[in-house]
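Here's the structure, in structure tokens; my notes come after.
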Amino acid sequence: MRADRLQPIAYASQILQGAKKTYTACERHLLAVIWSFLGIMFTLKAAYVGCCVFLCWSVRACDIVSDMVGARSPGDIIIGGLFPVHQQVENLANRSKPDPLTCTGFDVPRFIWVQAMIYTIEMINNLTLLPGIKLGYEIYDTCTDATRAVTAAMKLLSKSNTSENCLEIQCNYTDYQPIAKVVVGEAYSELSIPIARIFNVMLMPQISYSSSAAILSDKVRFGSFIRTVPSDVHQTKALARLVSNFNWNWIGIITTDDDYGTSAMTDFISNAQNDDICISFQELIPTYVDAEQSDGRIQALVSKIERTPNASVIVLFAKSALVIKLFNEIIRRNISRTWIASDAWSISKTVATMPNIKKVGNIFGFSFKNGIIPGFLAALKKLRPGPGAYNKFIEQYKQLRFTCSDEYINYTKTCNSSSQPCSLPDSLKIVSPLACTKTNKSITDFDDDYLVQRVQLAGTYATYLAIKSIAHALRKLLNCQDGVCQKTVDFAPWRLLEALKMVNFTEAGRPFYFDKSGDSINGYDLINWDMINGTAQFKTVGEYKLLDKKVYIYDDIFRDTTKAVFSNCSQSCKPGQRKNSHTSHTCCYDCVPCVEGYYSVDWDMNKCLKCSDDQWSDAGSSKCNNRTIEFFRWNEGFAIVLVVFTCSGIILIFVIGIIFTLNLNTPAVKAAGGQFCYIILFSLFTSFVSTGLFIGKPTEYGCKVRQPLFGISFTICVSWILIKSFRIILAFKLDLVVRKQMKKLYKPLVILVMCTVIQVIVCTLWLVLKGPHFVKSYDVPKIILLKCTEGSNVAFGVMLGYIAVLAICCFLFAYKARKLPDRYNEARFITFSMLIYLIVWISFVPVYINTDSKYRQAVEMSAILASNYGILCCHFFPKCYIIYFKKEANTSENYLKSVREHFSQHDLAKYWQASLTNESIWCC
């Protein structure tokens with residue numbers, strides 16, 4: 001049998017053993033029979049079934065004295081109430097036996113919450129919301145102690161319509177009828193948690209007006225718990241978001257060492273980390289004010305706060321009594337911080353009226369949504385129990401308020417005679433100044449504003465919403481309509497729980513309902529403590545909305561004042577910088593400027609953002625600027641100079657063409673190549689034209705065309721020069737046998753076509769496989785360089801290298817024929833032109849490689865122009881000079897005479913007569 005099924009048997013055994021000591025002999029005999037039967041069932045492994053059948057027995061659970069009931073009023077439906085009217089149980093730490101507990105420290109705000117519950121019930125009874133139904137109440141004081149709260153919870157679970165105050169132990173509570181149908185309470189989460197576990201047994205609806213611990217949203221463990229306030233899950237998110245909004249990242253957190261405190265701390269730290277907030281310190285303080293270790297731990301905590309000045313913002317989850325004790329030590333040491341209050345004390349007038357409260361620093365925090373109960377403040381001025389009602393709390397309050405005690409008289413005299421400011425102890429602050437004056441009025445006739453001034457609207461309004469929710473749920477459960485409730489009030493509490501979960505009504509223009517976890521969907525008010533005349537006034541300056549999870553601040557003064565507070569481990573990094581963490585805490589860092597090309601636009605950015613490709617930023621920039629678009633423009637000075645040279649070269653080509661055409665049959669033109677000179681001139685013209693594609697905004701078509709156009713055209717030019725060199729060698733070759741063999745190889749057109757085709761193949765493969773194309777270069781900072789990339793540098797090198805090989809061959813042939821007659825000095829000029837070409841392009845390579853700007857285009861253009869002009873100057877200018885300035889030398893006779901003299905000087909006249917003719921000189 002499972003262990004959880006054995007628990008009811010063990011529990012029953014304990015009950016039956018205890019019953020033997022108090023019941024009659026007949027009863028003991030009957031119990032013995034039951035026990036014997038249970039033993040048999042356990043042996044048969046069916047004890048669980050036996051328990052459910054035979055343990056439905058009334059057992060006297062406890063005898064609760066009537067003093068525990070603080071307020072009571074009869075009604076058709078009883079609503080239970082659990083309130084911490086007193087702040088603590090006296091001498092709880094030294095308790096050694098379970099004797100009655102004595103409560104101390106009357107808590108006026110919690111007492112007002114009780115009156116809000118009573119007032120709302122009476123108001124509903126006077127309305128037509130529940131026609132024919134009177135709501136009653138039974139309210140207990142938990143004294144802020146779990147033991148008292150559990151005892152009161154057990155009393156409220158006692159069976160109704162009995163006079164024995166008995167709590168029945170049953171296996172099935174489906175039809176069980178306890179005293180109360182629903183319980184309103186408790187205020188503190190550490191008390192709501194244990195009683196919620198008890199109420200969960202019978203699914204007794206429990207509506208809390210203040211307990212906000214996140215654990216209570218777990219419907220598996222606390223199935224009958226609902227609340228009119230949001231869960232701390234939302235509060236911790238709201239607090240973390242508030243801290244993040246003010247750019248604080250180095251804060252402290254203090255909570256009580258109970259379920260409420262530890263849960264709140266865990267949730268807040270988790271949310272804070274999500275918002276990049278670091279926790280400088282996290283401390284727990286004892287839950288109970290009079291705990292022996294309380295003073296020592298608070299002093300140690302304050303010392304730690306004093307040692308961490310950078311953590312000037314502290315989030316505090318605690319009850320008002322603990323906050324007062326902590327703040328007394330803070331004031332004594334003259335420490336000022338910014339305090340963020342949880343809902344437990346954010347609107348505590350007890351804390352707000354502390355002497356010198358302004359010395360602790362700025363205080364603000366979240367409270368539950370505030371609201372006004374119609375007519376409630378007027379009712380507080382004249383408190384009295386309703387007809388047939390009993391209210392011990394009112395009598396106790398009036399005794400404390402209006403009784404003139406010797407202690408109060410002595411303190412008053414001492415304060416009046418002292419030159420130093422003094423204040424009454426907490427136990428006497430409630431006493432009215434009218435208590436010790438002579439008056440004929442009864443204390444019940446006093447019209448007093450004391451309670452009105454201490455109303456905590458959030459708590460009273462949440463209590464009001466709890467009673468209104470119950471009323472609306474009852475109206476639906478009892479099917480109340482047309483002035484009649486059609487169902488009986490004899491229903492089990494769990495049926496009311498189902499109706500409560502589906503409640504949906506409008507209050508103060510806002511919808512109210514419970515979410516699937518039983519929590520209110522109302523948000524929080526952001527409360528700032530304005531210090532006026534030494535006391536704090538609560539001012540709503542914003543809110544936190546649960547639906548969109550955002551903090552809204554409506555007070556500009558509060559926003560500006562709070563933003564001036566510094567609570568960071570390091571100074572904030574400005575836009576243009578990034579954080580560089582050097583410790584385990586991500587909030588402790590150095591600020592490093594963003595490098596070039598990166599930027600940060602916000603404060604405290606973890607990394608710099610990269611600018612887009614079309615933008616650039618300097619080091620330490622907070623934004624990116626558009627890059628400047630650059631290319632080799634037509635209107636630049638260098639470009640204009642190159643264009644002038646290009647145009648001049650083209651003009652020269654046309655002039656030379658005209659000159660050669662007019663003197664085509666002269667020996668000078670024939671010696672230069674005759675009609676084939678047009679091939680060279682055309683190739684040079686094309687080469688000059690190709691340079692125009694190196695200027696202006698590059699295009700995809702221009703990038704693909706310009707290199708092959710130059711390569712092929714210049715290849716034609718150099719190929720023809722190679723043919724000329726070969727012709728000169730052939731014409732003056734002395735060895736007739738060798739000359740005859742070489743003449744077979746002299747096929748000008750074939751050589752020209754073959755040399756050109758090779759270059760065409762190279763350029764075609766280049767274009768097809770990986771040709772030049774247009775690109776935007778972002779390599780230069782701040783600039784988008786529009787340029788042509790060569791695609792394959794290998795193909796580009798092969799193209800230029802092939803021309804260089806042809807040029808070297810020309811150079812070698814021409815150099816070998818350098819000693820020919822002056823009239824045939826073409827070889828010298830070929831030598832110079834090829835030497836110029838080789839020098840230019842050898843110099844071009846390193847310059848081109850090391851230039852990565854728009855002037856790279858100009859470098860290649862300059863090399864092309866230099867090569868073109870080298871050929872023009874060496875091949876055509878001397879011939880033009882002879883044609884126009886040496887006309888007497890431009891005759892066949894002079895050329896032949898020059899040849900004869902050359903050979904006669906070398907004693908080669910025989911060779912001249914045998915092998916050279918006029919035709920061989922011009923046409924070879």
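Here the side chains of Phe566 and Gln571 are in contact, with some heavy-atom distance below 4.5 Å. Under the 4.5 Å side-chain criterion, counting only non-hydrogen atoms from C-beta, Met861 is not in contact with Phe645. With contacts defined as side-chain heavy-atom distances shorter than 4.5 Å, the pair Cys788/Pro772 does not qualify. A heavy-atom distance below 4.5 Å is found between the side chains of Thr715 and Tyr802. A heavy-atom distance below 4.5 Å is found between the side chains of Lys854 and Glu636. Looking at heavy atoms from C-beta onward, Thr661 lies out of side-chain contact with Ile659 at the 4.5 angstrom threshold.
Between the side chain of Arg578 and the backbone N or O of Lys607, no donor-acceptor pair lies under 3.5 Å. Although no hydrogens or angles enter the test, the distance criterion places no donor-acceptor pair under 3.5 Å between the side chain of Ser833 and the main chain of Cys874. Although no hydrogens or angles enter the test, the distance criterion places no donor-acceptor pair under 3.5 Å between the side chain of Asn310 and the main chain of Ser280. A donor-acceptor contact shorter than 3.5 Å links the side chain of Glu700 to the backbone of Phe774. With Ser244 contributing its side chain and Ala240 its backbone, the two residues share no donor-acceptor pair below 3.5 Å. A donor-acceptor contact shorter than 3.5 Å links the side chain of Trp248 to the backbone of Val565. Formation of a donor-acceptor pair under 3.5 Å by the Arg856 side chain with backbone atoms of Lys787 is not found in this model.
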Determine whether Phe876 and Tyr881 satisfy the following criterion, ring pair (Phe, Tyr, Trp, His ring centres under 6.0 Å), listing intermediate values before the conclusion. CA-CA 9 Å; Phe876 296 100; Tyr881 177 78; over 10 Å; no
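Counting only N and O atoms by type, the side chains of Asn271 and Lys237 include no donor and acceptor under 3.5 Å apart. In this model, a donor atom of one side chain and an acceptor atom of the other lie less than 3.5 Å apart for Tyr778 and Asp614. In summary, the side chains of Thr789 and His773 do not present any donor paired with an acceptor at a separation below 3.5 Å, with no hydrogens or angles considered. Checking Asn580 against Asp590 by side-chain atom types alone, no donor-acceptor pair falls below 3.5 Å.
Not a single disulfide bond (SG atoms under 2.5 Å apart) links Cys755 to another residue, sequence neighbours left out. Annotation: side-chain contact (heavy atoms from CB on, under 4.5 Å) contacts of Cys717 (sequence neighbours excluded): Ile680, Ser683, Leu684, Ile721, Ile871. Taking the ring-ring contact (aromatic ring centres under 6.0 Å, His included) definition, one finds that Phe654 meets it with Phe685, sequence neighbours left out. For Lys782, the salt bridge (charged side-chain N to carboxylate O under 4.0 Å, His left out) test picks out Asp618, with sequence neighbours left out. With sequence neighbours excluded, the residues satisfying ring-ring contact (aromatic ring centres under 6.0 Å, His included) with Tyr848 are Phe796, Phe844. With sequence neighbours excluded, no residue satisfies ring-ring contact (aromatic ring centres under 6.0 Å, His included) with Tyr701. Remark: Trp616 pairs with no residue by the ring-ring contact (aromatic ring centres under 6.0 Å, His included) rule, at least two apart or across chains. A search for salt bridge (charged side-chain N to carboxylate O under 4.0 Å, His left out) contacts involving Asp275 returns Arg241, not counting sequence neighbours. Every salt bridge (charged side-chain N to carboxylate O under 4.0 Å, His left out) that Arg559 has, sequence neighbours left out, goes to Asp556.
Within the cation-pi definition used here (under 6.0 Å to the ring centroid, within 45° of the axis), Arg633 qualifies as a partner of Phe631. Taking the centre and axis of the six-membered ring of Phe246, the NZ or CZ atom of Lys563 falls outside the cone set by 45° and 6.0 Å.
With Thr686 as reference, Leu709 is the one residue of Leu709, Ile716, Ile712 to meet the side chain to side chain contact (heavy atoms under 4.5 Å, CB included) rule. Each of Ile758, Leu752, Val753 was checked for a side chain to side chain contact (heavy atoms under 4.5 Å, CB included) with Thr756, and the lone residue meeting it is Leu752.
Cysteines Cys588 and Cys278 are not disulfide-linked, with SG atoms at least 2.5 angstrom from each other.
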Would you be so kind as to tabulate the donor-acceptor pairs closer than 3.5 Å made by side chains of residues 592-600, with sequence neighbours excluded?
residue	atom	partner	partner atom	Å
Ser600	OG	Gly576	N	2.6
Ser600	OG	Gln577	N	2.9
Ser600	OG	Gln577	O	2.7

Without placing hydrogens or testing angles, list every side-chain donor-acceptor pair under 3.5 Å for residues 836-843, not counting sequence neighbours.
residue	atom	partner	partner atom	Å
Trp841	NE1	Ser867	OG	2.7
Ser843	OG	Ile839	O	2.8

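The list of disulfide (SG to SG under 2.5 Å) pairs with a residue in residues 619-659, not counting sequence neighbours, reads Cys611-Cys624.
In Lys776, the NZ atom is not crowded: 12 or fewer heavy atoms of neighbouring residues, nucleotides or ligands sit closer than 6.0 Å.
Separation of the Tyr869 and Phe688 ring centroids falls under the 6.0 Å cut-off.
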